[in-house]
Peer 1: 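Got a structure for you, written out below as structure tokens; questions coming shortly.
The figures that follow rest on heavy atoms only: side chains count, while hydrogens, waters and symmetry mates do not.
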Amino acid sequence: MPNVQVHSLFTDFDIDLFKGGKHYRLYEKLGSHLVEVDGVAGTYFAVWAPSAKSVSVVGNFNSWNAAEHQLNVRWDSSGIWEGFIPNIGKGEIYKYKIQSNNNDIWTEKADPFARYCEHPPNTASIIWNAEHDWKDDAWMGYRKDKNGLDKPYSVYEVHLGSWKKNAGNKFLTYKQFAVDLVNYVKEMGYTHVEFMPVMEYPYDPSWGYQLTGYFAPTSRFGSPEEFKFLVDTFHQNDIGVILDWVPSHFPEDAHGLGFFDGSNLYEHPDRRKGYHTDWKSLIFNYGRNEVRAFLISNALFWLDQFHVDGLRVDAVASMLYLDYSREEGEWEPNMYGNNENLEAMSFIRELNEAVYANFDGVQTIAEESTAFAGVSKPVEHGGLGFGMKWMMGWMHDTLQFFQKEPIYRKHHQNDLTFSMTYAFTEHFMLPFSHDEVVYGKQSLVYRMPGDEWQRFANLRLLFGYMFTHPGTKLMFMGGEFGQTAEWNFEQSLDWHLLQYNGHKGIQDFVIDLNHLYKSAPALYEKQFSPEGFQWIDYSDHENSVLTYVRKGHDEENDLVIACNFTPIPRENYRIGNPKKGKLTEVLNSDATKYGGGGNVNSKVKSSSKPSHGFKKSFEITIPPLGIVILK
């Protein structure tokens, strides 16, 4: 009996779909699969390597000898090599040894479809089937309602390797996260958690953005079924899970996708389109059908097999533009003579169509930093089809404003008000992400000016302004309690800071902001519609005060917001009242429980005196560097 038996999981229809780039569940066919053939248990292997002269499975089971287990090439010009190896099973490590038609080049590669990988720095794939008894039926049943664009969407962004550590600076496990992290996110009131990439990656300083195992949760924290357990536990606690996903580039590591079968298989062969000088990584060939099928299958894999609720797609701008981070002469225009990558745009549209057609209640979110139009517009209306887009301009302008000494802010109030001129051109998510607290930018609290009290007051004001600005929210771990050091991926967050009132006050304020966001329809029902926002006054530069209204479907739920961006309290400050009725203060960032000075409004003085174009008005104290929210 041969060492490798002829066997296939592919039908002719599968092959036609694969060649056409329309097979979106390739993970059910390619890779390693535990099967039984003629009553004998073993593993079926299938790998795409069209430029190969021979492909062998090597591992400890054959002493890494390429002559022992050679796969059979299919007869249909698909470029797929496959075969059944009896009596090897779960837990065996393996790679593909590939001899190329190209001058007999040999490569030794991890399986692109491996479900589990060795713990880095080891690089082999592991035969695995991650069995898990899901207990999130309730969540999956009402997820569509929870994840809607007219629902509260407050995201806690987490890097699992540095959120918290075990003794000896050791990683927590997926099972430990299922207790500690789930409880924390629930206590903080976030609706969703977002993980920086959990797919297997070889190099810790890449933070996970240089992937080699697209179908395998990293083994740093445990097994694939333990990661499923973590997702399941979040769902049982009514918290959605978003994964960062990287279809924009991949590393050149010898065991990875690059030069896979001795040819430019996954990467674009033209270095002007196939290599990122910024990240020293390779760019997928979006015009190749099989590569598109690989990527879309990967997106659907996490939504299908791991019940994930959303994908935040990394570095979309780098995909959309042929001249992204390139000098003149380093790129070639498209057929129309401009700089748009038409193949990447087509891929992104197909990706989003496939995601939304196959899964109810999920979202794709674009990290896209340019003014490219229609990122979150449906494909059928000419857009790219994402559910949301990061509002990078808002983030940049807002942080730039807050870094200024308050005495100068009156000259720069336009930095804040400008966002409302384009706030509803996309479905925007407001991000304070990991990128804002690294590489010398300082932590959020240390980017604030003034003494310690002013820094904390500024940070509470910043978060209050964020939560009352239209759009969904994202906050990177540590920001919610005023982490003072820049983020360091090698160390735990500085949890000991919570023994100090200023830090505990920030945390308590974020908890209350999250609960207000979830309980106040005016903050989410029309968060992507101009009908959900109204200025009262954006022109009081001298006092550095902004006043505005947030609206939902029922005007009884309207909120009035007043922000004071100076350390001078604005007492008896008159604000036009947009509608009849008494106003009650529902949140004040200067409350003593948050570490503030206690300038709260226990009673709001209403008046029939006209102001700001309204027939009635009211007077309040807007505390120093404070935000007041009234209903």
Side-chain angles (χ1 to χ4, degrees), residues 1-15 18 23 25-50 52-76 78-99 106-119 122-133 200 212-217 219 223-228 255 260-261 294 297-298 301 304-306:
M1 183 179 290
N3 290 340
V4 177
Q5 297 177 27
V6 174
H7 184 71
S8 184
L9 297 182
F10 285 91
T11 65
D12 290 345
F13 184 54
D14 285 325
I15 296 299
F18 177 56
H23 201 311
R25 295 187 185 257
L26 286 173
Y27 51 90
E28 296 175 351
K29 309 289 180 176
L30 287 165
S32 59
H33 299 270
L34 295 167
V35 296
E36 200 173 280
V37 176
D38 297 331
V40 178
T43 302
Y44 164 78
F45 295 89
V47 62
W48 179 51
K53 184 186 290 184
S54 69
V55 178
S56 301
V57 183
V58 294
N60 290 338
F61 56 88
N62 62 13
S63 303
W64 301 86
N65 181 358
E68 288 288 309
H69 294 94
Q70 291 194 4
L71 298 179
N72 309 298
V73 67
R74 288 184 62 91
W75 60 90
D76 49 23
S78 62
I80 293 171
W81 298 71
E82 61 183 352
F84 172 73
I85 303 178
N87 303 315
I88 67 166
K90 184 174 180 177
E92 288 280 3
I93 65 170
Y94 70 100
K95 283 185 177 179
Y96 295 119
K97 188 82 171 180
I98 302 171
Q99 181 186 17
W106 288 83
T107 60
E108 191 171 288
K109 296 291 186 177
D111 188 342
F113 284 84
R115 303 293 183 90
Y116 196 17
C117 302
E118 284 191 297
H119 193 300
N122 295 327
T123 57
S125 303
I126 305 174
I127 299 171
W128 207 258
N129 62 334
E131 295 176 353
H132 176 73
D133 180 19
E200 193 59 81
T212 50
Y214 270 77
F215 291 82
S219 55
S223 67
E225 53 263 51
E226 288 168 342
F227 182 62
K228 286 183 176 180
H255 68 289
F260 188 80
D261 59 356
F294 167 82
S297 291
N298 185 242
F301 169 78
D304 173 26
Q305 298 288 299
F306 287 83

Peer 1: If the condition is salt bridge (Lys or Arg N to Asp or Glu O under 4.0 Å), which residues does Lys97 pass it with, not counting sequence neighbours?
Peer 2: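 Lys97 satisfies salt bridge (Lys or Arg N to Asp or Glu O under 4.0 Å) with Glu108 only.
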Peer 1: Are Tyr214 and Pro112 packed together at the side-chain level, in the sense that at least one heavy-atom pair is separated by less than 4.5 angstrom?
Peer 2: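 Heavy-atom side-chain distance check fails, nothing below 4.5 Å.
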Peer 1: Could you check, using the six-membered ring where one of them is a Trp, whether Phe215 and Phe306 have ring centers closer than 6.0 angstrom?
Peer 2: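 No.
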Peer 1: Hey, could you give me each pair passing salt bridge (Lys or Arg N to Asp or Glu O under 4.0 Å) that has a residue in residues 60-69? Not counting sequence neighbours.
Peer 2: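 As it turns out, there is no salt bridge (Lys or Arg N to Asp or Glu O under 4.0 Å) pair with a partner in residues 60-69 once direct neighbours are skipped.
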Peer 1: Please name all residues satisfying salt bridge (Lys or Arg N to Asp or Glu O under 4.0 Å) with Lys29, sequence neighbours left out, ordered by chain then number.
Peer 2: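 Scan of Lys29 (salt bridge (Lys or Arg N to Asp or Glu O under 4.0 Å), adjacent residues dropped) gives Asp14.
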Peer 1: Quick one, Glu28 with Leu9, criterion side chain to side chain contact (heavy atoms under 4.5 Å, CB included). Give me CA distance, side-chain angles, the key distance, then yes/no.
Peer 2: CA-CA 8 Å; Glu28 296 175 351; Leu9 297 182; over 6 Å; no
Peer 1: Side chains of Glu92 and Thr43: closer than 4.5 Å at any heavy-atom pair?
Peer 2: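 The answer is no, as the side chains (C-beta and beyond) never meet within the 4.5 Å cut-off.
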Peer 1: Is the backbone of Phe260 close enough, under 3.5 Å, to the side chain of Thr107 for a donor and an acceptor to pair up by distance?
Peer 2: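 Indeed, once roles are kept as given, a pair shorter than 3.5 Å links the two residues.
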Peer 1: Using the side-chain contact (heavy atoms from CB on, under 4.5 Å) criterion, which residues pair with Ala46? Sequence neighbours excluded.
Peer 2: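 In terms of side-chain contact (heavy atoms from CB on, under 4.5 Å), with neighbours along the sequence ignored, Ala46 is linked to Phe10, Leu30, Tyr44, Ile80, Glu82.
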Peer 1: Any donor and acceptor pair, going by atom type alone, linking the side chain of Glu225 with main-chain N or O of Glu131 inside 3.5 Å?
Peer 2: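 Not at all, since once roles are kept as given, no pair shorter than 3.5 Å links the two residues.
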Peer 1: Once salt bridge (Lys or Arg N to Asp or Glu O under 4.0 Å) is applied, do any residues pair with Asp133, and if so which ones, sequence neighbours excluded?
Peer 2: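 For Asp133 the salt bridge (Lys or Arg N to Asp or Glu O under 4.0 Å) partners, ignoring immediate neighbours, are Lys135.
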Peer 1: Apply side chain to side chain contact (heavy atoms under 4.5 Å, CB included) to residues His33 and Arg115 and explain how you reach the verdict.
Peer 2: CA-CA 10 Å; His33 299 270; Arg115 303 293 183 90; 4.0 Å; yes
Peer 1: Apply side chain to side chain contact (heavy atoms under 4.5 Å, CB included) to residues Trp128 and Cys117 and explain how you reach the verdict.
Peer 2: CA-CA 9 Å; Trp128 207 258; Cys117 302; over 6 Å; no
Peer 1: Whether the side chain of Ser219 engages the backbone of Glu200 through a donor-acceptor N/O pair (distance < 3.5 Å, no angle test) should be reported.
Peer 2: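 Here the side-chain-to-backbone pair does not exist.
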Peer 1: Does Phe113 have its ring centroid less than 6.0 Å away from the ring centroid of Tyr27?
Peer 2: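 For Phe113 and Tyr27, the ring centres are not under 6.0 Å apart.
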Peer 1: Do any N or O atoms from the side chain of Ser78 and from the backbone of Ile15 form a donor-acceptor pair under 3.5 angstrom?
Peer 2: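 The answer is no, because no donor-acceptor pair under 3.5 Å joins these two groups.
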Peer 1: Do Val37 and Pro86 come close enough that some side-chain heavy atom pair is under 4.5 Å?
Peer 2: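 When only atoms from C-beta onward are counted, Pro86 and Val37 do not touch, as no gap falls below 4.5 Å.
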Peer 1: What verdict does the ring-ring contact (aromatic ring centres under 6.0 Å, His included) test give for Phe45 and His69, after you've listed the backbone C-alpha separation in whole Å, the side-chain angles of each residue and the deciding distance to 0.1 Å?
Peer 2: CA-CA 11 Å; Phe45 295 89; His69 294 94; 8.7 Å; no
Peer 1: Taking side chain as C-beta onward, heavy atoms only, is Tyr96 less than 4.5 Å from Asp111?
Peer 2: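 In short, these two side chains touch, coming nearer than 4.5 Å.
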Peer 1: For residues Val47 and Lys109, determine if any side-chain heavy atom of one lies less than 4.5 Å from a side-chain heavy atom of the other.
Peer 2: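 Side chain of Val47 against side chain of Lys109, heavy atoms only: no contact under 4.5 Å found.
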Peer 1: Under the ring pair (Phe, Tyr, Trp, His ring centres under 6.0 Å) rule, collect the residues that match up with Phe84, sequence neighbours excluded.
Peer 2: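 Here no residue qualifies.
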Peer 1: Any side-chain heavy-atom pair from Trp48 and Phe18 closer than 4.5 angstrom?
Peer 2: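 Counting from C-beta outward, Trp48 and Phe18 do come under 4.5 Å.
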Peer 1: Does the side chain of Ile85 come within less than 4.5 Å of Val57's, by heavy atoms?
Peer 2: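 Heavy-atom side-chain distance check passes, below 4.5 Å.
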Peer 1: Of Tyr116, Phe61, Trp64, which is the lone residue that meets side-chain contact (heavy atoms from CB on, under 4.5 Å) with Ile93?
Peer 2: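 When side-chain contact (heavy atoms from CB on, under 4.5 Å) is applied between Ile93 and each of Tyr116, Phe61, Trp64, only Trp64 qualifies.
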Peer 1: Just so I know, are the side chains of Ile88 and Tyr94 near enough to count as touching, which here means a heavy-atom distance under 4.5 Å?
Peer 2: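 Result no, sub-4.5 Å side-chain heavy-atom pair not found.
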